[in-house]
Every structure is written in C-alpha cells, then in structure tokens.
**Student:** 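First the structure, which I've put down as structure tokens, then a few questions once you've had a look.
Everything numeric in this text was worked out from a predicted model, so none of it was measured. The figures here come from the full heavy-atom set of this structure, side chains too, leaving out hydrogens, waters and symmetry mates. Sequence positions, counted from 1, serve as the residue numbers for this chain.
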Amino acid sequence: DVQLGLLRADMITAPLDGAFQATLKAKLAKDYPGLAMRFRTSTNSEDLDGFPCAGCYESHTGKANDWADVVDAVRSTWSSAFLFRTFEERSFYGVDHRSVVMPLLVAPNFPDEAANGVSLTANPYDPSGLQPGFYINVQAGGDAEVVHPPPGVTSDEIIYQFDQPGQPVVYLSRSNLVAAGQTVLTAAQINQLGKALAAIHERFSPAYGPKFGNTGWYAMDVEFKFDKDGGATPSLFIKQARPNPGR
C-alpha cells in the first residue's frame, strides 16, 4: 500500500502533456463553457466477463474556472488505477497490471443531485425466475456512494417487481441519510426508473439476453441519478448501462 501510495503521488504531480492539455481545453471551451466537468474512469480492466470491478476506480470533478483543478482531476482519476483495493482485486483475478490503460469519459458534473444509485434489470436474489424484479440500490444526494459507502452509512435497497400486478416494492434495507419513515425515491420516481430499466433490458436483449440465445442469467448493470438540473423537480439521468456477468 505504501509503494502504491508513492506511485499515485508521483502520477498526481507528474507533468501533463502540453498538446493533450491544449486539445482538452479547446474542447471544453467549445462544447461545455463554464461547466464543471466530471472525469470518469473507463479502463480496459473493468466490465469484463467474471471481473466487473464496479467501483474499483475513482472519478473526479474539475472546476470550470480553474484549469489547475481540471488538470488535478485528470491526474487523480488516472492515479486511481493503482489504489490498493483496485490492485488487490486485479491481482486476485490475475489481471496483468502492466496491461491497464485508462481512457476518460468526460461529461458535465451533476450540480444538484437528489439521489444516485445503481440497478440490475433482474432480481439477483431469485435464481428460479419465479419472482422477477429490478434490483435498485439508491442513496440520497450525491456525496455518499452506494458501491463504496462511508462507514456506517446505509442506502435504500429495493426489489421492484415492475411486471407484477400492483408493482410491489420490497425494501431490503433503508437509507440512514433520510428521516425515519421516508424513502430516497418517491413512488413516482421508482416507476419512472422502472420504465427506463425495462426499456434498457429490452434494448440490449438482442446482444446479451434471451434474443441473443442466452438462456442463463441476463441483467444490465445501470448507473443513474436524479438531479434537479436547474429545476425544482429532479430529473432522471441514466449514466451508463453495461451487461452484468452473473449473479
């Protein structure tokens, strides 16, 4: 861990290629003027069969009016390839650390998150398929992640039986960041998310699911947010959808 920490420190302080900086600065000024940008990890050592590694790497935000902060965000995101937990995970699965490269997905930061979460478009607790549903793990706000929550923090974990009569919502755990008796998402928001998950599940079935001939486990792993985006009512944003390798 000490040696990895030294490596990350070197990466964070290393010079960043001037041509790369110029290209990035021009792109952000042209397409995203004045916006804080999120630099998201997109490595070649995640979302692999048998090695999803969700939450292995860390994304960072750069302030729109502070180029040094943008550069720090880029380098900090790159350096997360060598976090201790990430290094250990890859070692366990036999991934060659020298083969790891990290492109970045750059998108505007969500400034006013009401909720953030992840979902599976199938019920991981039902191998029989007799109780189909969507698994939803969601937390209030945007500071507490659901994949690696801070110590002592719990989230709303839900099985949403979207296709069943009455669309039952079963809570497996409750968030301790909202008041007792309240939930992170309203019934209307859960239904809105359910419609999106159903569409995603169907859309990718020809590539990964029953329409492809897959008779085993099929689910899409979906990241989402509800963000106010300048309005009073939070809107649903789907950040990404990828196939889940199995239960």
Side-chain angles (χ1 to χ4, degrees), residues 1-17 20 24 37-62 70-107 116-125 127 135-139 142-155 157 172-173 204 207-209 214 216-225 239-247:
D1 190 20
V2 172
Q3 293 301 314
L4 289 172
L6 294 173
L7 174 59
R8 292 196 304 274
D10 286 343
M11 294 178 69
I12 290 172
T13 58
L16 200 60
D17 180 76
F20 168 78
L24 178 61
M37 302 302 293
R38 188 71 170 170
F39 296 88
R40 292 173 50 81
T41 65
S42 185
T43 76
N44 63 343
S45 58
E46 57 185 313
D47 302 339
L48 307 177
D49 288 343
F51 184 60
C53 208
C56 275
Y57 308 101
E58 293 182 350
S59 303
H60 294 269
T61 300
V70 169
V71 171
D72 285 343
V74 170
R75 292 186 295 201
S76 295
T77 304
W78 279 340
S79 72
S80 72
F82 292 98
L83 292 167
F84 179 72
R85 70 168 186 267
T86 301
F87 189 89
E88 288 284 273
E89 192 83 4
R90 288 197 304 259
S91 297
F92 180 82
Y93 283 94
V95 177
D96 184 354
H97 305 291
R98 295 169 297 182
S99 69
V100 177
V101 294
M102 185 185 286
L104 300 179
L105 173 64
V106 185
N116 78 97
V118 297
S119 181
L120 295 176
T121 62
N123 183 355
Y125 300 106
Y135 170 79
I136 300 169
N137 187 353
V138 62
Q139 183 58 277
D143 294 331
E145 296 183 2
V146 295
V147 177
H148 291 289
V153 173
T154 58
S155 58
E157 288 191 74
L172 307 178
S173 71
F204 286 95
Y208 305 109
N214 176 13
W217 171 259
Y218 164 59
M220 296 298 294
D221 189 327
V222 180
E223 294 185 31
F224 66 90
K225 291 184 184 293
K239 293 172 59 181
Q240 70 175 15
R242 56 195 176 191
N244 186 273
R247 288 186 298 106

**Student:** For a quick test of reading the model, state the closest non-hydrogen atom pair linking Val222 to Ala241 and the distance between them.
**Tutor:**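 Closest approach of Val222 to Ala241: CG2-CB, 4.1 Å.
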**Student:** Between Asn123 and Tyr125, which heavy-atom pair has the shortest distance, and what is it?
**Tutor:**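 For Asn123 and Tyr125, the tightest heavy-atom pair comes out as OD1-N, 2.9 Å.
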**Student:** Do Ser91 and His97 meet the criterion of a side-chain donor-acceptor pair at a distance under 3.5 Å?
**Tutor:**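 Indeed, the side chains of Ser91 and His97 share at least one donor-acceptor pair under 3.5 Å.
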**Student:** Which pair of heavy atoms, one from Val100 and one from Ala81, lies closest together, and at what distance?
**Tutor:**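 Heavy atoms only, the tightest pair is CG1-CB, 4.4 Å.
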**Student:** Under the side chain to side chain donor-acceptor pair (under 3.5 Å) test, which residues partner Ser59, sequence neighbours left out?
**Tutor:**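 Result, side chain to side chain donor-acceptor pair (under 3.5 Å) vs Ser59: none returned.
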**Student:** For the atom pair NZ (Lys239) and CG (Asn116), what is the distance rounded to the nearest 0.5 Å?
**Tutor:**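 So the gap between those two atoms works out to 7.0 Å.
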**Student:** Please lay out, stage by stage, how Leu24 and Val70 fare under the test side chain to side chain contact (heavy atoms under 4.5 Å, CB included).
**Tutor:** CA-CA 10 Å; Leu24 178 61; Val70 169; 4.3 Å; yes
**Student:** Do side-chain atoms of Asn214 reach the backbone of Tyr208 as a donor and acceptor pair under 3.5 angstrom?
**Tutor:**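 The answer is yes, because a donor-acceptor pair under 3.5 Å joins these two groups.
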**Student:** Under 3.5 Å, is there a donor-acceptor pair between the side chain of Ser173 and the main chain of Ser155?
**Tutor:**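 It does hold such a pair.
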**Student:** Can you name the salt bridge (Lys or Arg N to Asp or Glu O under 4.0 Å) partners of Asp10, sequence neighbours left out?
**Tutor:**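 Listed in chain order: nothing, the list is empty.
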**Student:** Write out all pairs satisfying salt bridge (charged side-chain N to carboxylate O under 4.0 Å, His left out) with one or both partners inside residues 84-93, taking only residues at least two apart or from two chains.
**Tutor:**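 Those involving residues 84-93 are Glu58-Arg85.
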**Student:** In chain order, what residues pass the side chain to side chain contact (heavy atoms under 4.5 Å, CB included) check against Pro150, with sequence neighbours excluded?
**Tutor:**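 With sequence neighbours excluded, Pro150 shows a side chain to side chain contact (heavy atoms under 4.5 Å, CB included) to Ala144, Val153, given in chain and number order.
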**Student:** Where do Ile136 and Ser119 come nearest, in terms of heavy atoms and distance?
**Tutor:**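 Where Ile136 meets Ser119 most closely, the heavy atoms are CG1-OG, 3.7 Å.
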**Student:** Which side chain to side chain donor-acceptor pair (under 3.5 Å) pairs, counting each pair once, include a residue from residues 70-79, with sequence neighbours left out?
**Tutor:**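 Applying side chain to side chain donor-acceptor pair (under 3.5 Å) to every pair that reaches into residues 70-79, excluding sequence neighbours, yields Asp72-Arg75.
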**Student:** Does any N or O in the side chain of Gln139 come within less than 3.5 Å of the main-chain N or O of Thr154, such that one atom is a donor and the other an acceptor?
**Tutor:**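 Checked: pair present.
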**Student:** Under the ring pair (Phe, Tyr, Trp, His ring centres under 6.0 Å) rule, collect the residues that match up with Phe204, sequence neighbours excluded.
**Tutor:**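 Not a single residue meets the ring pair (Phe, Tyr, Trp, His ring centres under 6.0 Å) criterion with Phe204.
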**Student:** Check whether any side-chain heavy atom of Tyr218 sits under 4.5 Å from a side-chain heavy atom of Asn244, and report yes or no.
**Tutor:**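 Heavy-atom side-chain distance check fails, nothing below 4.5 Å.
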**Student:** Side chains of Tyr57 and Ser45 only: does a donor on one sit below 3.5 Å from an acceptor on the other?
**Tutor:**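 Tyr57 vs Ser45: donor-acceptor pair found between side chains.
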**Student:** Is there a side chain to side chain contact (heavy atoms under 4.5 Å, CB included) between Arg40 and Gln240? Walk through the geometry before answering.
**Tutor:** CA-CA 11 Å; Arg40 292 173 50 81; Gln240 70 175 15; 3.6 Å; yes
**Student:** Quick one: list whatever passes side chain to side chain donor-acceptor pair (under 3.5 Å) with Asp17, sequence neighbours left out.
**Tutor:**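 Expected list: none.
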**Student:** Looking only at heavy atoms, what is the nearest atom pair of Phe39 and Ala73, with distance?
**Tutor:**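 So the minimum-distance heavy-atom pair works out to CD1-CB, 3.8 Å.
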**Student:** Applying side chain to side chain contact (heavy atoms under 4.5 Å, CB included), name anything that partners Leu4, two or more places apart in sequence or on another chain.
**Tutor:**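 By the side chain to side chain contact (heavy atoms under 4.5 Å, CB included) rule, Leu4 matches Arg8, Phe82, Phe84, Phe87.
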**Student:** How long is the gap from CZ on Arg38 to CG on Leu104, to the nearest 0.5 Å?
**Tutor:**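 Interatomic distance, Arg38 CZ to Leu104 CG, rounded to 0.5 Å: 11.5 Å.
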**Student:** Can you give me the closest heavy-atom contact between Ser99 and Asp96, atom names plus distance?
**Tutor:**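 Result for this residue pair: OG-O, 2.6 Å.
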**Student:** Taking Arg242's backbone N and O only, do any of them form a donor-acceptor pair with Asp221's side chain (distance below 3.5 Å, no angle check)?
**Tutor:**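 Answer holds: no.
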**Student:** Does Thr121 have any side chain to side chain donor-acceptor pair (under 3.5 Å) partners at least two apart in sequence or in another chain, and if so, which?
**Tutor:**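 For Thr121 the side chain to side chain donor-acceptor pair (under 3.5 Å) partners, ignoring immediate neighbours, are His201.
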**Student:** Could you tell me which residues satisfy side chain to side chain donor-acceptor pair (under 3.5 Å) with Thr41, sequence neighbours excluded, listed by chain and number?
**Tutor:**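 Expected list: none.
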